[in-house]
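Just so you know, ligand 1 is whichever comes first in the structure, and atom 1 is the first atom listed for that ligand. Please read all numbers here as calculations on a predicted model, not as lab measurements. Quick note: residue numbers are just sequence positions, from 1.
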Amino acid sequence: MSESLDTRRIMVTGGAGFIGSHLVKKLLNEGHSVLNVDSLTYAGNLSSLAGFVDHPEYRFLQVDVCEEGKITQAISHFQPDWIFHLAAETHVDRSIGGPMEFFRSNVTGTVSLLRGATSYWESLSDAKKAGFRFIHTSTDEVFGSAHVGCRFNETSAYAPGSPYSASKAASDHAVRAWGNTYGLPVAVTNCSNNYGSFQFPEKLIPVVITNALRGNPIPVYGQGLQVRDWLHVYDHCQALVLIAQKGKIGDTYIIAGNDEWRNIDVVELVCGILEKRMGSRPEIEFVADRKGHDFRYSLDSSKIRNELGWSPLRSSKDGFEETVAWYFENRNWWESILMKNSGKV
Ligand SMILES: NC(=O)c1ccc[n+]([C@@H]2O[C@H](COP(=O)([O-])OP(=O)(O)OC[C@H]3O[C@@H](n4cnc5c(N)ncnc54)[C@H](O)[C@@H]3O)[C@@H](O)[C@H]2O)c1
């Protein structure tokens with residue numbers, strides 16, 4: 001049961017990953033009770049929650065979202081007001097080499113969670129039912145590559161171009177189907193590229209920083225001409241909470257920074273920030289392009305801005321600077337992750 005109108009019991013899946021760990025910390029800081037459910041794959045790190053694991057309102061359950069029996073039990077035991085679903089396999093390159101795990105975690109895992117959430121939700125009183133929310137966190141990649149001049153919105157057709165985005169697209173469809181068929185109060189969110197602290201060092205910004213700090217060249221796919229929109233992870237988390245509070249049940253919300261960059265320009269900008277700190281400019285190495293690399297993602301986020309009054313508080317120029325500083329100051333965090341993933345520990 002909720003303690004008051006403002007504090008809630010909130011289940012977060014994938015809470016030891018990049019965005020999930022920021023969301024868990026934000027929710028605890030705002031006075032909510034949080035159950036973090038995460039199987040701790042290579043991308044999950046409890047060290048991202050250091051300082052919060054002993055918080056009296058924090059609970060952690062290490063379980064795979066595909067394990068429907070355990071998930072159903074966890075939901076009925078914790079009695080959440082809201083569920084934020086973030087657990088997923090997320091790296092496009094890994095999805096090209098090993099797509100099956102993406103469809104298992106992202107599609108079967110989402111359906112398992114939806115089934116557990118629905119049986120719990122159906123058991124609630126009408127008042128509790130009305131306040132319940134299932135917020136699904138998805139990506140702009142489900143729309144595929146955008147032609148120059150085109151921006152995707154909530155009504156755009158899906159055309160996923162990678163095994164990762166195809167698995168996320170399937171999970172989005174499942175969430176909408178559960179809203180339509182069973183009446184579960186869902187919302188789907190499609191967000192652009194996030195950056196910030198605690199991001200696993202295989203994604204673009206940490207790849208640039210951690211390679212530079214180890215004296216390695218910075219690998220850039222093709223000529224680095226692909227275009228992406230960038231959003232600080234704090235702004236994404238703020239949007240997710242706002243959608244749970246004020247979003248319309250059954251709706252989709254595009255979340256984006258309106259901050260589009262070619263990859264090479266992002267890399268050059270981050271290299272410039274690194275040069276100021278290190279005294280020398282990191283070397284860039286163009287490498288063979290990713291298979292089926294989508295050229296451009298572009299989103300129109302007017303709906304969440306106009307209807308819910310959301311807008312990002314940080315520009316990427318400032319945010320990249322702050323992110324570089326964080327990776328400089330938190331070498332232990334990313335070095336121990338790289339060590340663990342290289343099989344050295
Ligand atoms: N990072 C981005 O730029 C971005 C942008 C838009 C949407 N998203 C979406 O946001 C969510 C979180 O992304 P992220 O970047 O934080 O990912 P991440 O890879 O950093 O973290 C994913 C977390 O999910 C957990 N997980 C994976 N499979 C699981 C399973 N079967 N059962 C339980 N836990 C499992 C991992 O252990 C990890 O802690 C994902 O759904 C992703 O598709 C990410």
Does [X] have any ring-ring contact (aromatic ring centres under 6.0 Å, His included) partners at least two apart in sequence or in another chain, and if so, which?
| X | answer |
| --- | --- |
| Phe143 | Phe152, Tyr158 |
| Phe52 | none |
| His293 | Tyr221 |

Can you list every pair where an N/O of ligand 1 is under 3.5 Å from an N/O on the protein?
from     : atom 1 : to     : atom 2 : distance (Å)
ligand 1 : 3 (O)  : Asn194 : N      : 2.8
ligand 1 : 16 (O) : Phe18  : N      : 3.3
ligand 1 : 16 (O) : Ile19  : N      : 2.8
ligand 1 : 19 (O) : Thr90  : OG1    : 2.7
ligand 1 : 20 (O) : Phe18  : N      : 3.0
ligand 1 : 24 (O) : Ala88  : N      : 3.4
ligand 1 : 31 (N) : Asp64  : OD1    : 3.0
ligand 1 : 31 (N) : Ser105 : OG     : 2.8
ligand 1 : 32 (N) : Ser39  : OG     : 3.4
ligand 1 : 32 (N) : Val65  : N      : 2.9
ligand 1 : 34 (N) : Ser39  : N      : 3.1
ligand 1 : 34 (N) : Ser39  : OG     : 3.3
ligand 1 : 37 (O) : Asp38  : OD1    : 2.6
ligand 1 : 37 (O) : Thr41  : N      : 2.9
ligand 1 : 37 (O) : Thr41  : OG1    : 3.1
ligand 1 : 39 (O) : Gly17  : N      : 3.1
ligand 1 : 39 (O) : Asp38  : OD1    : 3.4
ligand 1 : 39 (O) : Asp38  : OD2    : 2.6
ligand 1 : 41 (O) : Leu86  : O      : 3.0
ligand 1 : 41 (O) : Thr137 : O      : 3.4
ligand 1 : 41 (O) : Lys168 : NZ     : 2.7
ligand 1 : 43 (O) : Tyr164 : OH     : 2.7
ligand 1 : 43 (O) : Lys168 : NZ     : 3.1

- prompt: Taking the six-membered ring for Trp, are Phe134 and His136 parallel (under 30°), tilted (30 to 60°) or perpendicular (over 60°)?
  reply: parallel

task: Over 60° means perpendicular and under 30° means parallel, so classify the ring planes of His232 and Tyr195, tilted if in between.
output: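 Tyr195 vs His232 ring planes: perpendicular.
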
message: We want to know whether Glu285 and Asn216 form a side-chain donor-acceptor pair, criterion being a heavy-atom distance below 3.5 angstrom.
response: no

